[in-house]
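Scroll down for the structure; my scribbles are underneath it.
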Amino acid sequence: MKKHSKDKSYRVLGLESSCDDTAASVVQITNFSDNEKIEILSSIVLNQNSLHEEFKGVVPEIAARAHSERVDICTKEALKNAATPLKKIDLICVTSGPGLIGGLLSGVMFAKGLAKGLNIPIVGVNHLAAHCFSVKMIHKLDCPYLTLLASGGHCQFLIVKGVDKFYRLGGTIDDAPGECFDKIASFLGIGYPGGPIIEKRSKIGNKERFNFPKPMYDNTFNMSFSGLKTAVKRETEKLINKQGGLYQKDIDDICASFQKTVIEIFKLKTKNAIKFFNEKCQAPKNLAVVGGVAANKKIKAELEHIAIENSFNFLTVPAKYCTDNAAMIAFLGYEKYISSNFNSIDLTVKPRWPLDKVSKPIIGFGKRGAKA
Ligand code: KG4
Ligand code: ZN
């Protein structure tokens with residue numbers, strides 16, 4: 001098997017199958033004298049939206065079957081787009097948790113087969129850690145830095161200290177924000193995934209029409225989105241009962257008012273997290289916002305404003321690397337490999353895999369969600 005060395009060029013194959021996206025990516029990383037150059041040669045994402053749409057949520061068994069049917073097709077496509085034959089791959093990195101066990105197994109078993117057949121190393125990657133590190137794939141950035149990870153399954157403020165070192169300040173005690181975007185879009189009947197649709201409709205809606213509640217709007221780092229979601233549902237039902245249905249304008253206004261409320265919660269909590277980072281961390285002031293919800297331009301712009309106001313650099317990634325992708329898996333896997341933190345062929349999946357192993361679990365957290 002090839003030995004790892006920092007001063008070398010690596011072609012890394014990344015694989016992701018922890019929820020409802022099958023993804024494969026080839027990333028070339030060249031590192032000479034600590035000068036790292038990262039090139040994403042391909043990034044293929046095959047979503048399963050049409051398979052789960054009628055169930056209004058991800059069905060684990062359907063997801064697992066789809067992953068096992070598509071992971072090889074997706075990999076072939078990624079290799080083809082990167083003009084890289086399989087034998088040129090030096091390292092395989094695969095999401096090994098957290099997530100739905102069937103999907104994780106599909107990806108990990110496939111990755112192991114390839115690694116064994118090619119006699120190359122394999123690295124198991126934590127999906128959440130990969131989101132946090134996605135900014136380092138695009139920007140030159142040293143640890144530690146402050147991160148808001150907001151996605152369909154998670155919402156946490158973290159201090160990223162290293163490939164395997166995270167300090168969690170707090171997070172949602174119930175729903176993830178992306179989950180709320182999806183569920184609200186579902187009961188408004190406007191499609192899936194809800195995030196991009198609600199973002200678009202918010203642009204034409206009146207954000208002041210509805211005054212939705214902001215649960216846990218306080219000086220802590222924890223958040224709650226479930227009550228907000230229920231309040232939006234109640235308001236929708238009230239309108240339907242009164243008018244016999246919803247006008248397009250009502251939907252636009254509900255979307256805009258909901259998105260405004262999420263932004264206000266994020267703004268206050270980000271200010272709290274910045275204050276904590278300033279008090280506790282003697283490090284350059286960097287705020288990264290990552291995960292699917294960070295694809296939202298309005299959320300990004302508002303949080304960038306908070307960062308600038310507090311003399312923090314604001315870092316994020318293009319929308320295609322905010323949502324689930326395998327380039328971030330390849331990149332973090334490489335970083336783990338180089339820091340000698342990698343696995344052998346006996347790698348196992350971890351459906352639950354918290355980033356911060358020391359802080360107490362957040363109350364209520366972990367009760368549900370594919371990536372709890
Ligand atoms: O990171 P991701 O792809 O998967 C998880 O790890 O959960 O995040 C997916 C979530 C979905 O809930 C989706 O609605 C949300 O990210 N999302 C957005 C936007 N684009 C995707 N939420 C708000 N605004 C968007 N533009
Ligand atoms: Zn994700």
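Counting starts at 1 for both ligands and their atoms, following the listed order. All residue numbers refer to positions in the sequence shown, counting from 1. Atom set for the values below is all heavy atoms of this structure, side chains included, hydrogens, waters and symmetry mates excluded. Since the model is a prediction, treat every value here as computed from it, not as a measurement.
Of all atoms in ligand 1, numbered sequentially from 1 with element shown, those under 4.0 Å from a heavy atom of Gly153 are 7 (O). Of all the atoms in ligand 1, the ones that sit under 4.0 Å from a non-hydrogen atom of Glu199 are 25 (C), 26 (N). Residue contact check: His131 has heavy atoms under 4.0 Å from atoms 1 (O), 6 (O) of ligand 1. Distances below 4.0 Å separate heavy atoms of Pro193 from the following atoms of ligand 1: 14 (O). Each of the following atoms of ligand 1 lies closer than 4.0 Å to a heavy atom of Gly152: 5 (C), 7 (O), 8 (O), 9 (C), 10 (C), 12 (O). The distance from ligand 1 to the heavy atoms of Val293 drops below 4.0 Å at these ligand atoms: 16 (O), 18 (C), 22 (N).
Contact annotation for Asp182 and ligand 1: only side-chain heavy atoms (C-beta onward) come within less than 4.0 Å of the ligand. No part of Lys297 comes within 4.0 Å of ligand 1, judged by heavy-atom distances. Under 4.0 Å from ligand 1, the heavy atoms of His127 that appear belong solely to its side chain.
Ligand 1 has no nitrogen or oxygen under 3.5 angstrom from a nitrogen or oxygen of Thr323. For ligand 1, the polar-atom distance check against Phe181 finds no nitrogen or oxygen pair separated by under 3.5 Å. Checking only distances, Gly291 never comes within under 3.5 Å of ligand 1, N or O to N or O. In terms of polar-atom proximity, Asp324 is counted as a contact of ligand 1, with an N or O under 3.5 Å from an N or O of the ligand. Checked against a 3.5 angstrom limit, the closest N/O atoms of Gly178 and ligand 1 fall inside it.
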(message) If you apply the rule side chain to side chain contact (heavy atoms under 4.5 Å, CB included), what do you find for Glu235 with Ile254, and how did you get there?
(response) CA-CA 9 Å; Glu235 198 61 54; Ile254 291 171; 5.6 Å; no
(request) Show the numbers, then the answer: is there a side chain to side chain contact (heavy atoms under 4.5 Å, CB included) between Val293 and Cys322? (result) CA-CA 7 Å; Val293 176; Cys322 284; over 6 Å; no
(request) Mind running side chain to side chain contact (heavy atoms under 4.5 Å, CB included) on Tyr10 and Ile338 for me, showing each step along the way? (result) CA-CA 11 Å; Tyr10 282 87; Ile338 285 304; 4.2 Å; yes
(request) Check the pair Leu13, Thr84 against side chain to side chain contact (heavy atoms under 4.5 Å, CB included), reporting the backbone distance first and the verdict last. (result) CA-CA 10 Å; Leu13 174 65; Thr84 302; over 6 Å; no
(message) Using salt bridge (Lys or Arg N to Asp or Glu O under 4.0 Å), reason through Arg168 and Asp356 one step at a time and then give a plain yes or no.
(response) CA-CA 6 Å; Arg168 192 189 62 235; Asp356 179 341; 5.3 Å; no
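Under 2.8 Å from the Zn ion (ligand 2) lies an N/O/S atom of His131, whether from backbone or side chain. With 2.8 Å as the limit, His154 does not count as an N, O or S neighbour of the Zn ion (ligand 2).
By the 4.5 Å heavy-atom criterion applied to side chains, Phe225 and Ile265 are counted as neighbours.
The closest approach of Asp324 to the Zn ion (ligand 2), by N/O/S atoms, is made by OD1.
Thr316 places a side-chain N or O within 3.5 Å of a backbone atom of Val289 that can act as its donor or acceptor partner. With hydrogens and angles disregarded, a donor-acceptor distance shorter than 3.5 Å links the side chain of Ser202 to the backbone of Ile198.
Not a single heavy atom of Cys19 sits under 4.0 Å from any atom of ligand 1.
Between Glu69 and Arg65 there is no salt bridge, since no side-chain nitrogen of the basic residue lies less than 4.0 Å from a carboxylate oxygen of the acidic one.
Hydrophobic clustering places Leu41 together with Ile89 (ILVMFWY residues linked when any side-chain heavy atoms are closer than 4.5 Å, directly or through intermediates).
Centroid-to-centroid, the aromatic rings of Phe258 and Phe210 stay 6.0 Å apart or farther.
Side-chain contact, Lys8 with Thr30: no donor N or O sits under 3.5 Å from an acceptor N or O.
Across the listed options Gly292, Pro98, Ala294, Gly292 owns the non-hydrogen atom lying nearest to atom 21 (C) of ligand 1.
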